[in-house]
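Presented below is the structure to which this report refers.
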Amino acid sequence: MTTLILTEKPSVAADFSKALGVRTRRDGYYEGNGTLICWAVGHLVELFAPEDYSPSFKKWSLATLPILPEPFKYKPIKKSGKQLGVIKKLLKTPGLDRVIIATDAGREGEVIARTILLQAGFTDKGRIMRFWTSQALTPAVVRSTLEKLQPITDYDRLWRAGYYRQVADWMVGMNGTRALTVRLGDLYSVGRVQTAVLALLVQRRRERENFKPEPYVVVKVHFANEKGKWIGTWFKEKETRIVDLDAAQGLVARLTAEETPGVVLSAEKEKKSDPPPYLFSLTDLQQEANKRFGFPAKKTLNVAQGLYQDKKCLSYPRTDSRVLGTQNLDMVKKLVDKLAETAPALFKGVDHGRIALSNKRVFNDAKLTDHHALIPLKNLPPSATADEAKIYELVLRRFAAAFHPNCHYENTKIVTGFSSETFQTTGKIILSPGWREAWPIKAKKEDEAYIPPLVNGDAAHKEKVAAEKKETTPPAAYTDALILKEMTNPGRYVSEKAMKDLFRGEVGIGTQSTRAQILEILIQREYAKREGKTLAATDKGCYLVEMLQKTAVSRVLTSPEETARWEMSLNRIALGEGNNENFLATIKEFVQKSMDELKTVVMEGEAPVGRKRTGEVVGRCPACGGEVIEEYKNFKCACGFVLWKKIAGKNLTPNMVGHLLRTKKSGPYNGFISKKKKRFTASLILAQKEGSWQVTFDFDSNGKKGGGKKAAGEPAPWSSSPNASGSFSHSQEAASYVSQPERPTTLASKPAQNQKPLRGLNQTGPRPCPACGGSIIEGKRGFGCSNWPADKGGCRFVIWKTLFGRELTESQLTSLLSMKPTRPCNLTTSDGRTVKTRLRLTNTPQGWMVMADPDEQGIKHFEPVVCAH
DNA sequence: GCAAGGTC
């Protein structure tokens, strides 16, 4: 009697091991009591690449499209081949009479298991059972679910839906990418998810570029009576904006001249309450971390993964779900008690009556997907980084908030009549904060300030008339948070109302596990770029979408609605409602038509500069006299001579290179960008140095700043030069080399005569440099050691004048230099919150650092600041 | 040089 349990990932195998007391750890599995527990690492098997079917698909050409394999085949994923080997071997265990599939309870979990079984040649369905739950895998949940194993055939439909998803994405992606790449002359990838998301970014960029701000005026009157003061905003038929500027001016004049007092026409108060927010799904967490800390989606995922995997203080992060299972009630009760010990302030308002199955906002099996919501599992270990502390705190607060009472508040709406016009005043007073104690909101808006207790008929004396001139604003640029929201809820792109209802929250573009990756792919392929928090389509991305939208068939790839519809069809197949054959037939037909179209359609429009492989000759090679040809990313001669298209952030055109090859000098050109992100202007020089041809910048010819330091002729590290083996080597590290104009503006760069001893220090007696005993001198941005410059053995110690968003005071500096903690002081976090804590100077193995203490709940808010430069 | 889906 031997049972084999297969899980999706190591952490779940560990849960089984604990629950069943199967503790002997072998290489790649656990063993004991006649039970083997092994794990996958996500997908271990993938679809063949086109060239695996036939070598003729190795070359990308329109002639071989569409590629529609029949049948589709699978192969092991190379990097996890070892683990697949372990599972294959265990499946051959003599006397194995039961295989329990315990991969995640969802479509992809099913695919992971079935493709492994397929690859292992294990076909005896009679021996296979399905373990199916989305509850947190406490020992009790594992054991009770093992008593309710399902026949694997109950999940055949789900496997079919997963298989269709795989091959449909493959057919569309492989064929589409090849067709567009060949047609447009550079790598242009397309796919159900990435192209739909890119289209959203492109659409938003167009909306913003075409947006024309319209001026309007908002008129406000300040009223007062014996009860107090309030401000009324002019309105008519719910509209507060006055577009006709002359009319607004007339209105202001009339109101200013009006002598008769106004009267309160209506004063309504309404009591309302908001329930606590749902627990976090990954997307919710990513949106929140993006808004508060500016973290990109990928970064939040990475940090959460570390907290789950290494620190073990967060549950599995890649979840769609905002609820827990009903079987996890006891676990939650214990968890709340435990976490409350270290963060009492967050949990003191918890209503224990809400830690109950009647609380459907938390415990709801019907809303459970593959995994349960993201929750804390234990306290944050002290080894956590500042970023980890930030993410952990969000999850902890959200968890605490979920068990708090509702937030009760009162909305007030006053309408004041004055000079035959109407003015509105709205306000909101929090009566009892409830969950908002654990989940603070930002400062109130001005118009939600205190309003006097007015009643109908109260007099309203005019104090002041004010007109605010404003402009309409374009739709906001996308951030990670906003685009994730669109991907999660594409319902608004569905046209029919009936479909819209079905779509609400059920299907999205991509999945929790891949959304962050998709954004990174768009950036990596240069279809989109990050600028601070915002995410915008590049020219290249716009070009791709523009070309697709010129087509009649292939344009559906740019439609978020279409990808949502696919998902819907697949869900129906999984439920046994869809017409199986129709789905794939429809996709195949689409691919076929799309290929017919992309082979013949005329695509007008200019490709972004420098992004094509024309294969054209742009000039003669200076090394051998051969032809220099334009490739994807460079201009190249058969002898090995290479010129990169992109130098210091600027794309070289064939014309520029042609000129350079002919005359050995070209330019000056604007628009180079140094490593420190500064733009500069320079000419290019092609010259022979120590036997190789090299490109360098020449600053002299344009007479601008920074000239001379690194003049023409000096070897630059990005130029082509033969290495020891005779071939050409190159590097694109150009920017740092040419950033000479930027001198560091630190303390050290100041001329010596500007340095002066710090006054405050002299009054209390000089404090020596803690690092070397030298004296501390005030610089422009910090207090540094006089033993700088540090070219050989000097001291690099400095304490910056601005630390954690605040100006350092003299007494704080004195404390730090004396190696004492400062008094508690207010500091500003990167997301603008104020935290009161102490600073201290510490000598760590990584060097001297100024650190901010954790707060009362043990949560760290600040990264240490290094005191060397 | 290609998809999207997992996990680390």
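Please read all numbers here as calculations on a predicted model, not as lab measurements. Protein chains get the first letters and strands the later ones, always in sequence-line order, with residue 1 at the start of each. FYI, side chains are in, hydrogens and waters are out, and symmetry mates aren't considered; it's all heavy atoms of this structure.
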What does the B/S/- profile of nucleotides 3-8 of chain B look like, 5' to 3', with a 4.0 Å heavy-atom cutoff to protein? BBBBBB

Parallel, tilted or perpendicular, as decided by the 30° and 60° cut-offs, for the rings of Y53(A) and F72(A): perpendicular

For E46(A), give me all partners under salt bridge (charged side-chain N to carboxylate O under 4.0 Å, His left out), at least two apart in sequence or on another chain. none

T103(A) side-chain N/O to G109(A) backbone N/O, donor-acceptor pair under 3.5 Å: yes

Under the side chain to side chain donor-acceptor pair (under 3.5 Å) rule, collect the residues that match up with Y163(A), sequence neighbours excluded. none

Checking W39(A) against Y29(A) for the ring-ring contact (aromatic ring centres under 6.0 Å, His included) test, could you report, in this order, the C-alpha distance in whole Å, the side-chain angles of both residues, the deciding distance, and whether it holds? CA-CA 7 Å; W39(A) 58 85; Y29(A) 63 101; 8.1 Å; no

How long is the line joining OH of Y53(A) and C1' of dC2(B), in whole Å? 14 Å

Within the 4.0 Å heavy-atom criterion, would you say E51(A) contacts the bases, only the backbone, or no part of the nucleic acid? base

